Amino acid sequence: MSAEPASLPARPSLSERARAPGAAPYLDTLNPEQRRAVETLDGPVLVLAGAGVGKTRVLTTRIAHLLATGRARGQEILAVTFTNKAAREMRERIEALTGIPDGLPWMGTFHSIGAKLLRRHAELVGLKPNFTILDTDDQLRLLKQLLKAENIDEKRWPARALAGAIDDWKNRGLTPADIGAREAAVFANGLGAKLYKAYQERLKTLNAVDFGDLLLESLRLLREQPEVLERYQDRFRYILVDEYQDTNVVQYLWLRLIAQKRRNLCCVGDDDQSIYGWRGAEVENILGFERDFPDATVIRLERNYRSTGHILGLASGLIAHNRKRLGKTLFTGAAAGDKPTVRGVQDSHGEAREIGDEIEAEQSRGTSLADIAILVRTSAQMRAFEERFVEIAVPYRIVGGPRFYERAEIRDALAYLRIVAQGDDDLAFERIYNTPRRGLGETTLAQLHAAGRAANASLTQTARTLIETDELKPKPRQALRDLLADFERWRGLPGSTEELARVVVEESGLVAMWKAEKTPDADGRLDNLKELVRAIGEFPTLDAFLEHVALVAEAQSEDSGPRVTMMTMHAAKGLEFDVVFLPGWEEGLFPNQRALDDNGLAGLEEERRLAYVGITRARRRIAIYFASNRQVRGLWQSSPPSRFIDELPEDHVEVAEPADPPTYGYSSRFDDAVFSGGRYETPGWKRAQAQAASPGYRRPAPPRVIEGRAVALATQASLYHLGDKVFHQKFGPGEVAVVDGPKLTIDFDKAGRKMVLDSFVSRA
DNA sequence: ACCCTCGCATTTTTT
DNA sequence: ATGCGAGGGT
């Protein structure tokens, strides 16, 4: 989702203006293609929207137009996105356009709309309306139980693999009955189908669904209940789909079914940005749109408003190497700008040093850190940058790490809340019945399971009965009794959701547990619990909050000054930055060897699209790096530059002066495999050699004064003094040894002497 | 029941 | 390098 300004007048309201003959001023600011995409309302429409062409603007204006012209009311429009972020952004922009809050009840992610359908018609698919939505963790725990029950060696057939297979089947619209012998064979010598079936049955008894079910079960609902299907076919006069290239088979079938009757389906997407094939997305859906809808209107948006000419040229030249594409050529009226650079470096540390220096240079030129991003292929690459940035005190943030609601401490607290909301949530019970430690172990749980199965009752129900008997030893019996009493008490608690959450995290012992913990991250975890309590206060009921958590799972965003953004290229889709650094362009890493091994040419093309996504994130500057040596899994590896570097169009790149010249020839397991494979002759290789041979570099003068800000900070009295005891998230406790404005040199108890920025530490 | 040590795998990730 | 899970010892 790009961030073109929504330059739209606030009043009079849209509908008022539309009522005046010929008045639709919101159309005037669109270019001709955008306008066509907005105004072609009837029948199937495919909008091929390249990077930075104003896609979100087209979608939101189209919806506003539908409303303004009276073609549809808000509740008659179905608008689906992939991420909550995209849905939120669209909702906000439409509200700004129309002035109507909450006007689009059916705008949301595929999953949230699936959940809404299922809750409405739960009984028709064998669920109760208050079903639980399981996350990956619960799912794995459940599968492990099933594997154990079948006596399957979890070493050989890990639960993760089964989860993957089931997810894959669900993405492809296959129910257990659809799994033939060949498919079933992918797991545990053909037991796959049987396990899938058992899993689905378990889910039903738990009154639970997983993410895949939100789609697959709602598809089943529509298929098996003609009246329900017809109702929604009639209701949704207009359907819009964002990121169509990312749809999988179920989503495709689901859309086709709902859209079949009125046929007013508008899909927006970009085949060149399809980077989620590995999780079930079918580029075929977008490639075959015209085959599926022969009367479709296809509109190409190719005018780019984001990047300079050279950046677009670079991206276009690279993506042209893909064979399977619909074909689109982005152009811009903007200046050519600076040529993107390619630079070879010695290793990942050199790379981090270079980029760190470049960031400081950008900063001294007035670029805000918030406008700078480092986009990597794999998360592991981020570590080197983190270390360097901590050293040189460049503030950074990592997008997409472990998400807030997936952190262990949060999931524990949530499990308690889930049991309060729904006493029969066995998976939640299993998670926390001995967290914090209360002397309940495997033995007790096994007893509960056995008795529960016999009585066909949930674990808490069973526990309630069992503590009245003498089956259990006195200690676990009392522990269990106390736990159940807690559940009861919390359930009866008057007051706000926030108050409830506060009591639960306190009385469950979770807070005490982390307070007692001595690890450096314990403090952060306590903060997270506080944040959870705060977050829950924004919801009227516990149920509403839990639904939000299951479906939205968004991280908290607290702003604390501009920071460099670090993330994977996958996570960067839809974002834009002035300056983008693209490190790690080496064979094996990018294109990733695994993608190549698993998916051959298709895998290579997807990697190339990923490169395209990475490049097109930049507004004015791109810098690509490749390192000749990199530590991969504890081992040093030497790889040649990425083939993508050789594919870059010469006119739009500049080979940067070697700062930390790459040297090859490290012995590595790739020596024979790759280096004798003929790649010595490629231009990229020669480039690398040329750099290696060129005279040593002058290190860019260390960027000193950072325009006013650093000066101001430096003269300001520091928050810390010599000898202060401080605490750092990463390094733990330490003592201040040198104070230099905001930069502190600290002797850490564990990590030794490091220079860090004062905003990264707190008083110990 | 809890703690410790050894072995093994390790792309990308949303919902 | 690193972290998670299984298995053995206390």
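Chain A is the first sequence line, chain B the second, and so forth, proteins listed ahead of strands; every chain is numbered from 1. Being a predicted model, the structure only gives us computed values, none of them experimental. Because only heavy atoms are used, hydrogens play no part in the values below, and waters and symmetry mates are left out as well, while side chains stay in.
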Partners meeting side-chain contact (heavy atoms from CB on, under 4.5 Å) with A:Ala428 (sequence neighbours left out):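 A:Ala428 satisfies side-chain contact (heavy atoms from CB on, under 4.5 Å) with A:Ala415, A:Arg418, A:Ile419, A:Asp425 only.
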Closest nucleotide among [options] to the [X] side chain:
{"X": "A:Asn592", "options": "B:dC2, B:dT12, B:dT11", "value": "B:dT11"}
{"X": "A:Arg594", "options": "B:dT15, B:dT13, B:dT11", "value": "B:dT11"}
{"X": "A:Asn434", "options": "B:dT12, B:dT14, B:dC2", "value": "B:dC2"}

Matching residue for A:Arg643 among A:Glu607, A:Glu586, A:Glu587 - test: side chain to side chain donor-acceptor pair (under 3.5 Å):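 Going through A:Glu607, A:Glu586, A:Glu587 one by one, the side chain to side chain donor-acceptor pair (under 3.5 Å) with A:Arg643 is satisfied by A:Glu587 alone.
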Pair A:Asn285-A:Thr247, side chain to side chain donor-acceptor pair (under 3.5 Å): steps then yes or no: CA-CA 7 Å; A:Asn285 292 347; A:Thr247 50; 3.0 Å; yes
Partner of A:Lys573 under salt bridge (Lys or Arg N to Asp or Glu O under 4.0 Å), chosen from A:Asp272, A:Asp246, A:Asp270: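 It is A:Asp246; the other options fail the test.
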Derivation and outcome, ring-ring contact (aromatic ring centres under 6.0 Å, His included), residues A:His349 and A:Phe385: CA-CA 8 Å; A:His349 304 296; A:Phe385 294 102; over 10 Å; no
Pairwise 5' ranking along DNA chain B for A:Asp598 and A:Gly212, keeping only the more 5' one: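 Result of the comparison: A:Asp598.
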5'-most by nearest nucleotide on DNA chain B - A:Phe211 or A:Arg377: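 That would be A:Arg377.
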Within the pair [X] and [N], is there a side-chain N or O less than 4.0 Å away from OP1 or OP2?
{"X": "A:Asn248", "N": "B:dT14", "answer": "no"}
{"X": "A:Ser379", "N": "B:dT12", "answer": "yes"}
{"X": "A:Arg437", "N": "B:dC3", "answer": "yes"}

Sugar-phosphate only, base, or nothing, as touched by A:Asp246 at under 4.0 Å among non-hydrogen atoms: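 Touches nothing.
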Within the 6.0 Å centroid threshold, strictly below: A:Trp157 and A:Phe187: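 Centroid separation for A:Trp157 and A:Phe187: below 6.0 Å.
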Aromatic ring pairing A:Phe389/A:Tyr396, orientation class (parallel under 30°, perpendicular over 60°, tilted between):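 Judged by the thresholds at 30° and 60°, the geometry between A:Phe389 and A:Tyr396 is tilted.
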Aromatic plane relationship, A:His548 with A:Phe539 - under 30° parallel, 30 to 60° tilted, over 60° perpendicular: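 Rings of A:Phe539 and A:His548: tilted, 30 to 60°.
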A:Arg119 to A:Phe131 six-membered ring, cation-pi geometry met (6.0 Å, 45°):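 Yes, A:Arg119 and A:Phe131 form such a contact.
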Distance in angstrom units between [X] [atom1] and [N] [atom2], rounded:
{"X": "A:Ile133", "N": "B:dT14", "atom1": "CD1", "atom2": "P", "answer": "17 Å"}
{"X": "A:Leu596", "N": "B:dT12", "atom1": "CG", "atom2": "C1'", "answer": "14 Å"}
{"X": "A:His548", "N": "B:dT15", "atom1": "NE2", "atom2": "C1'", "answer": "13 Å"}

With sequence neighbours excluded, residues passing ring pair (Phe, Tyr, Trp, His ring centres under 6.0 Å) with A:His570: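 A:His570 satisfies ring pair (Phe, Tyr, Trp, His ring centres under 6.0 Å) with A:Tyr276, A:Trp278 once adjacent residues are dropped.
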Looking at DNA chain B, which of [range] put a heavy atom within less than 4.0 Å of it?
{"range": "residues 272-280 of chain A", "result": "A:Trp278, A:Arg279"}
{"range": "residues 442-449 of chain A", "result": "A:Glu442, A:Thr443, A:Thr444"}
{"range": "residues 108-115 of chain A", "result": "A:Thr109, A:His111"}

Student check: side-chain heavy atoms of A:Gln346 and A:Ser628 closer than 4.5 Å: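 A side-chain contact exists here, since the closest heavy-atom pair is under 4.5 Å.
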Heavy-atom check, side chain of A:Glu282 versus side chain of A:Gln245, under 4.5 Å: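 They are not in side-chain contact.
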A:Arg120, CZ atom: more than 12 neighbouring heavy atoms under 6.0 Å: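 Yes, CZ of A:Arg120 has more than 12 neighbouring heavy atoms, counting only those of other groups under 6.0 Å.
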Leading and trailing nucleotides of DNA chain C with any atom under 4.0 Å from heavy atoms of chain A: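 Terminal contacting nucleotides, 5' to 3': C:dA1 to C:dT2.
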Donor on one side chain, acceptor on other, A:Asp210 and A:Tyr199, under 3.5 Å: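 Their side chains do contain a donor-acceptor pair, which is all the 3.5 Å distance test asks for.
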